[in-house]
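So the structure is just underneath, and the comments pick up after that.
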There are 2 protein chains.
Amino acid sequence: MATRVDHEERRTQIAEALLRIADTQGLQSASMRAVAAEAGVSLRLVQYYFTTKEALLLDALARLQSQLQARMNTWIGAAGTPPTPRSVVTAILSCIVPTDAESSRIARTYNGYYTLVLSDPDVLEKHGAAQPAILEGFLAKQIRAGQQAGDVAADKDPELTAAGLLAMVNGLGSSVLGGQRSGEDALAILRYYLETTLFT
Amino acid sequence: MATRVDHEERRTQIAEALLRIADTQGLQSASMRAVAAEAGVSLRLVQYYFTTKEALLLDALARLQSQLQARMNTWIGAAGTPPTPRSVVTAILSCIVPTDAESSRIARTYNGYYTLVLSDPDVLEKHGAAQPAILEGFLAKQIRAGQQAGDVAADKDPELTAAGLLAMVNGLGSSVLGGQRSGEDALAILRYYLETTLFT
DNA sequence: CATGTCGTGATACACATGTATCATGACAGT
DNA sequence: ACTGTCATGATACATGTGTATCACGACATG
């Protein structure tokens with residue numbers, strides 16, 4: 001029954017099953033057995049292709065990061081050609097807010113991983129995890145470019161502003177996931193801030 | 001061995017043990033047995049005074065909310081006499097950011113409950129949970145008062161501004177707990193926003 | 001003094017979890 | 001054709017979980 005098989009394909013199938021469970025039932029419900037069932041394979045196969053649960057979680061996290069990266073690139077591209085600093089900043093921040101199914105899924109799942117890291121900080125180290133800092137730096141650079149282009153108020157500190165805005169979209173995302181407000185409301189709050197305090 | 005006993009005292013002792021575990025090891029580690037051990041009582045007693053784990057969690061959450069409320073009142077009082085809208089707004093937002101042991105504890109534990117609610121939204125309903133909305137309304141009212149006092153730029157929308165700022169301190173708190181930056185850095189970012197975009 | 005309720009302990013139950021072990025069929029290389 | 005590695009299944013094991021049950025001593029109330 002078992003010929004040679006494409007390992008990467010199987011790993012993708014299983015990791016995607018985990019991400020699907022993390023979206024619909026939360027990351028804490030993603031047990032090895034649940035992932036196996038969702039992927040339509042036996043428990044043994046999940047072990048076979050990932051050995052340990054931690055390995056599976058880390059692999060799925062890497063895929064999640066790729067997906068967010070791809071989403072950001074798409075949104076930046078769709079925000080206008082050629083992209084201006086202003087449109088890029090708006091796109092980056094907007095595409096994080098959970099307004100559609102994909103962003104909700106990503107936000108939910110990231111939150112699960114965040115909780116995981118809080119309870120076991122070692123996981124973070126086994127993973128090139130400086131990602132939020134990188135994003136923050138990129139955003140700061142865009143803000144600085146916006147200042148030179150005259151789109152952004154010149155007296156703003158790019159680093160502090162970038163950090164504050166990213167924290168805000170993070171917090172807005174949490175409030176949406178928690179059911180406190182809709183994604184559209186969150187987006188309106190973000191846009192209001194950008195228009196009244198950042199852009200000229 | 002067992003005389004009549006003060007139920008409320010025992011319940012406090014046990015609920016505080018849960019909050020202590022939630023702080024040091026995360027809410028997901030607060031099993032009935034762990035709470036019993038931390039409180040120095042037997043597993044049976046935890047069941048006796050709280051019947052079910054959900055009841056224990058809800059009771060501890062109510063206590064946590066009281067503690068945050070008390071902290072806010074203290075900070076508001078310490079921010080200046082008489083309190084001005086400006087000092088109240090600053091105090092409310094600042095006291096949420098995890099800069100000392102108590103705020104870190106509260107932020108960590110609230111985050112645990114947040115995760116809990118995400119995975120099981122029913123718990124939220126068994127609990128008068130409109131608390132974040134109330135806080136937001138109060139903050140908006142203070143901002144409006146600040147506008148009338150001339151402390152706050154008159155063209156700001158109080159509701160949108162309050163929502164954005166609360167989301168930001170939330171996000172800043174997450175980044176501090178996640179080890180991305182220090183509490184002081186987070187506070188500096190908040191203060192920068194208040195000075196440059198809110199207060200006149 | 002009797003009796004029933006209160007406070008407490010020990011322990012059992014049923015279940016879920018991550019991981020490990022054993023077995024077995026299929027195919028590749030010699 | 002033989003042999004060993006690959007892919008897969010079934011199942012076992014140890015542990016942790018929330019909850020339930022049984023037992024028993026202490027005290028208040030009649």
Side-chain angles (χ1 to χ4, degrees), chain A residues 1-22 24-61 112-113 115-117 119-120 122-123 126, chain B residues 1-22 24-61 112-113 115-117 119-120 122-123 126:
Chain A
M1 181 186 261
T3 322
R4 287 301 196 286
V5 119
D6 185 341
H7 270 225
E8 190 45 35
E9 185 184 358
R10 274 258 187 286
R11 287 172 64 91
T12 302
Q13 173 191 3
I14 295 173
E16 288 294 333
L18 183 144
L19 293 179
R20 233 173 299 134
I21 293 179
T24 57
Q25 306 164 242
L27 192 59
Q28 70 282 124
S29 300
S31 69
M32 297 290 261
R33 284 169 179 81
V35 171
E38 173 72 26
V41 301
S42 74
L43 169 60
R44 181 68 180 86
L45 283 206
V46 181
Q47 291 185 269
Y48 183 71
Y49 288 102
F50 289 98
T51 313
T52 180
K53 187 182 185 183
E54 185 180 10
L56 170 58
L57 284 169
L58 288 175
D59 186 271
L61 174 56
Y113 275 102
T115 302
L116 204 73
V117 169
S119 68
D120 176 13
D122 306 338
V123 180
K126 297 167 187 162
Chain B
M1 183 186 262
T3 322
R4 286 303 195 286
V5 118
D6 185 341
H7 269 226
E8 190 45 36
E9 186 184 358
R10 274 258 188 287
R11 288 172 63 90
T12 302
Q13 173 191 3
I14 295 172
E16 288 293 333
L18 183 145
L19 293 179
R20 233 173 297 134
I21 292 180
T24 57
Q25 307 165 243
L27 191 59
Q28 72 280 123
S29 299
S31 69
M32 297 289 262
R33 285 168 177 84
V35 171
E38 173 71 27
V41 302
S42 75
L43 169 61
R44 180 68 180 88
L45 283 205
V46 180
Q47 291 185 270
Y48 183 71
Y49 288 101
F50 288 98
T51 314
T52 179
K53 187 182 184 182
E54 184 180 10
L56 170 57
L57 283 169
L58 288 175
D59 186 89
L61 175 56
Y113 275 102
T115 301
L116 204 73
V117 169
S119 68
D120 176 14
D122 306 338
V123 181
K126 296 167 188 164

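The figures that follow rest on heavy atoms only: side chains count, while hydrogens, waters and symmetry mates do not. In what follows, chains are A, B, ... by sequence order, proteins preceding strands, each numbered from 1.
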With sequence neighbours left out, which residue pairs that include part of residues 31-50 of chain B fulfil the salt bridge (charged side-chain N to carboxylate O under 4.0 Å, His left out) condition?
-> B:Arg20-B:Glu38
Spacing of B:Leu116 atom CG relative to D:dG18 atom P, expressed in whole Å | 12 Å
Indicate whether OP1 or OP2 belonging to D:dT8 is found under 4.0 Å from a side-chain N or O atom of A:Ser42.
-> no
Pick base, sugar-phosphate or nothing for B:Phe50, based on heavy-atom distances below 4.0 Å to the nucleic acid.
-> nothing
Which nucleotides of nucleotides 11-22 of chain C have their base under 4.0 Å from a protein heavy atom (B), which only their sugar-phosphate (S), and which neither (-), written as one string 5' to 3'?
-> -B----BBBBB-
Heavy atoms, side chains only, cut-off 4.5 Å: are A:Leu56 and A:Met32 in contact?
-> yes
Could you pull out all donor-acceptor pairs under 3.5 Å where a side-chain atom in residues 12-19 of chain A meets a protein atom, sequence neighbours excluded?
{"unit_1": "A:Thr12", "atom_1": "OG1", "unit_2": "A:Glu8", "atom_2": "O", "d": "2.8"}
{"unit_1": "A:Thr12", "atom_1": "OG1", "unit_2": "A:Arg63", "atom_2": "NH1", "d": "3.0"}
{"unit_1": "A:Gln13", "atom_1": "OE1", "unit_2": "A:Arg10", "atom_2": "NH1", "d": "3.3"}
{"unit_1": "A:Gln13", "atom_1": "NE2", "unit_2": "A:Ala39", "atom_2": "O", "d": "2.9"}
{"unit_1": "A:Glu16", "atom_1": "OE2", "unit_2": "A:Gln67", "atom_2": "NE2", "d": "3.2"}

Which parts of residues 7-14 of chain B get close to DNA chain D, meaning a heavy atom less than 4.0 angstrom away?
-> none
For B:Ala34, enumerate each residue passing the side chain to side chain contact (heavy atoms under 4.5 Å, CB included) test, keeping only those at least two apart in sequence or located in another chain.
-> B:Ile21, B:Ser31
In whole angstroms, how far is the P atom of D:dG16 from the CD atom of B:Gln25?
-> 13 Å
Hits for side chain to side chain contact (heavy atoms under 4.5 Å, CB included) against B:Leu58, two or more places apart or cross-chain, chain-then-number order -> B:Glu54, B:Val123, B:Lys126, B:His127
Nearest-angstrom distance from the residue atom CG of B:Asp6 to P of C:dG7 = 10 Å
Backbone of B:Leu57 reached by a side-chain donor or acceptor of B:Tyr113 within 3.5 Å = yes
Are B:Thr115 and A:Gln28 close enough that some pair of their side-chain heavy atoms sits under 4.5 Å apart?
-> yes
OP1 or OP2 of D:dC6 under 4.0 Å from side-chain N/O of A:Tyr48 | no
Applying ring-ring contact (aromatic ring centres under 6.0 Å, His included) to A:Tyr49 and not counting sequence neighbours gives A:His7
